[in-house]
2 protein chains.
Amino acid sequence: MSNWFSGGKAVDTISVNDRGFQYGDGLFETIAIRSGGPRFWSHHMDRLSRGCELLRISMPAEQELSDGVLQALAASNVPKEYAVAKIIVSAGIGQRGYGRPNADEPLILYGAFASSPAPARSYEKGIDAILCNTRLASNSQLAGLKTLNRLEQVLARSEVTSINGFEGLTMDADDRLICGTMSNVFFVNNSVLSTPPVDRSGVAGIMRRHVMLTLEEQGVEVEVRHTSRAELQDVDEVFLTNSQFGIIPIRSCMKYKWPVGEVTRSVMALLAQNGVIECRQ
Amino acid sequence: MSNWFSGGKAVDTISVNDRGFQYGDGLFETIAIRSGGPRFWSHHMDRLSRGCELLRISMPAEQELSDGVLQALAASNVPKEYAVAKIIVSAGIGQRGYGRPNADEPLILYGAFASSPAPARSYEKGIDAILCNTRLASNSQLAGLKTLNRLEQVLARSEVTSINGFEGLTMDADDRLICGTMSNVFFVNNSVLSTPPVDRSGVAGIMRRHVMLTLEEQGVEVEVRHTSRAELQDVDEVFLTNSQFGIIPIRSCMKYKWPVGEVTRSVMALLAQNGVIECRQ
């Protein structure tokens, strides 16, 4: 049984001429399904819409995308209470060559998959992260988006999986921390929260945005600024965000060790009240 | 009838779970077929092999790849005298997630397509190039390789096709010329040849390599160094290289105009004697 659906039907394959395969000419969103529905849908739609605009792919109607996700969930043998859905929007079948002269007919795929929460221990004690050797390139056009060009993440993630790790932090060429291989990162210095900009590399994560907006509503500002590798020694607390797991603290990275501190705990408590059940302590 | 083959059979589709589609986790080569066989095969194999090493994909045996190309050519309705073949090596079917913990079983695809020489006029008079707004990111790991992550080229190429142009030059973030959207670029200053390094962005083109090796055999050095946008005004001649078309001069880019000069003509004549029939004048 396939976990993928398109146009209301189960699909196992795509055309070999699909531009998503030939060039990575497309986008995706990985959406947490909680209590039968997508979480932070509008944030996902915002990011997908920005990606479609850049790649000049017609953004599908939100209702169509929402129906597609729910249909995939209903048709697949996946617990609706707690699952993960993936939408892929590819530029569709094209002729040979990088250029896309004609109006596109995008391919829209919906996947539904079982998902398990991260271990409770990760939330309580924090996780040990590695610092990846793989660097993220700077590209202000593609930065922030979730395109199908994900080789940097593949390479960085392979460093993590090769040691059975949970997550690795990635830097740009200038030794500045950008994000995790599948998460964003927040730092706490003297009770001030910050997160690196993702306008030149990295992905503008959904949970990153939710954390920033939730804190903003509380009158707490998150500074968007860089933290370099050398500055890690001055950091008091570090935590990761991800649309699936919410917030997970980092307790160590290389020689640096951090407590799961008060600020991290209070942000987790705030999120637990605001739609992120994983952060319940 | 499909133009794609895998394992000796025609294929129209690939698995939706193929990592080439999901993440662009793979490589390709576009090979000129001349007089029934691949041109510059060993250069293509070198680059593919370097790519496989980086992506930790088992490099297929050269004989297997060579047989695959010839089988695709034989099975497809394509003139064997003058055609183009494409090899795609994807990491194959994977589980969800960026990491690739298990040994891979790569998917190898062979495509054969009809191809026409560029117009004779392009070789004689040169072409008008644009300067693309799309910038190339710097990534020393992925630079030089032909991975399936090609969104920068897609975006840049769309600038060219939108005005029905032949080619556009692309720069890195520091205003340095790197290559064309589907070609490499050579500059002539005071009879000295140079081409930009492709160790941080761009593709290490097959014809670029052939030109450099051929000139080296003649005792002519090609300097590998950057030319900035501002330095374009000091350039005497400019030409493009590509595995399919060989060498095509650029006669203008923006406000700059260049003759199809003596150095360009002599390199074209040299190539015409060394396996690049397109350069015959």
Side-chain angles (χ1 to χ4, degrees), chain A residues 2-4 6 11-26 28 30 54-56 84 86 88 90-91 96-101 109 111 113 134-143 147-158 160-162 164 173 181-182 200-201, chain B residues 2-4 6 11-26 28 30 54-56 84 86 88 90-91 96-101 109 111 113 134-143 147-158 160-162 164 173 181-182 200-201:
Chain A
S2 179
N3 287 87
W4 290 98
S6 186
V11 290
D12 291 311
T13 61
I14 59 158
S15 167
V16 65
N17 292 311
D18 189 275
R19 293 180 59 90
F21 176 61
Q22 295 278 335
Y23 306 120
D25 193 358
F28 72 102
T30 305
L54 175 71
L55 301 191
R56 299 184 306 115
V84 54
K86 190 165 170 177
I88 299 180
S90 139
R96 226 172 48 77
Y98 294 138
R100 183 147 40 88
L109 293 170
F113 307 89
T134 304
R135 299 297 177 116
L136 303 182
S138 288
N139 183 312
S140 51
Q141 270 191 297
L142 295 170
T147 73
L148 295 177
N149 277 203
R150 295 256 69 83
L151 269 181
E152 291 179 347
Q153 284 69 36
V154 167
L155 291 172
R157 187 76 205 157
S158 292
V160 179
T161 51
S162 71
N164 271 320
T181 68
M182 53 161 205
R200 297 191 56 183
S201 2
Chain B
S2 180
N3 286 88
W4 289 98
S6 186
V11 291
D12 292 311
T13 61
I14 60 158
S15 167
V16 65
N17 291 312
D18 190 275
R19 292 179 58 89
F21 176 61
Q22 296 277 337
Y23 307 120
D25 192 358
F28 71 103
T30 306
L54 175 70
L55 301 191
R56 299 184 306 116
V84 53
K86 189 164 170 177
I88 299 180
S90 139
R96 228 171 48 77
Y98 293 138
R100 183 147 41 87
L109 293 171
F113 306 90
T134 303
R135 300 296 179 115
L136 303 183
S138 289
N139 183 311
S140 51
Q141 270 191 298
L142 295 169
T147 72
L148 296 177
N149 278 203
R150 295 255 71 82
L151 269 181
E152 290 179 347
Q153 283 70 34
V154 167
L155 291 172
R157 188 75 205 157
S158 292
V160 179
T161 51
S162 71
N164 272 320
T181 68
M182 53 162 205
R200 297 192 56 183
S201 2

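Residue numbers start from 1 in every chain, and the chains themselves are labelled A, B, ... in the order their sequence lines are given, proteins ahead of strands.
- Using a 4.5 Å cut-off between heavy atoms, B:Leu148 touches chain A through backbone and side chain atoms alike.
- Scanning both residues, B:Gln141 and A:Arg135, for their nearest heavy atoms gives OE1-N, 4.1 Å.
- Taking CZ from B:Phe28 and CZ from A:Phe21, the interatomic distance works out to 11.0 Å, rounded to the nearest 0.5 Å.
- In this structure, the separation between CG on A:Leu155 and OH on B:Tyr98 is 12.5 Å, given to the nearest 0.5 Å.
- Interface check for chain B: of the options A:Thr30, A:Val84, A:Asn164, the most heavy-atom pairs under 4.5 Å are formed by A:Val84.
- Side-chain contact check for A:Ile14 versus B:Thr13: every heavy-atom pair is 4.5 Å or farther apart.
- Closest of all the heavy-atom pairs between A:Ser158 and B:Arg56 is OG-NH2, 3.1 Å.
- Residues B:Glu152 and A:Asn149 fail the side-chain proximity criterion, which asks for heavy atoms closer than 4.5 Å.
- Residue B:Arg150 qualifies as enclosed at atom CZ: its count of foreign heavy atoms under 6.0 Å is above 12.
- Residue B:Asn139 holds its CG atom at 10.5 Å from CG of A:Asn139, rounded to the nearest 0.5 Å.
- Ranking B:Asp18, B:Val11, B:Thr147, B:Thr134 against chain A, the residue ahead of the rest is B:Thr134, based on heavy-atom pairs under 4.5 Å.
- With rounding to the nearest 0.5 Å, the separation of CG in B:Leu55 from CG in A:Leu151 is 5.5 Å.
- Each of A:Ala137, A:Ala156, A:Ser162, A:Ser201 has some count of heavy-atom pairs under 4.5 Å with chain B, and the biggest count is that of A:Ala137.
- Residue contact with chain A, scored on non-hydrogen atoms closer than 4.5 Å, involves the side chain of B:Leu142 exclusively.
- Of the listed residues A:Asn17, A:Val160, A:Leu109, the one with more heavy-atom pairs under 4.5 angstrom with chain B than any other is A:Asn17.
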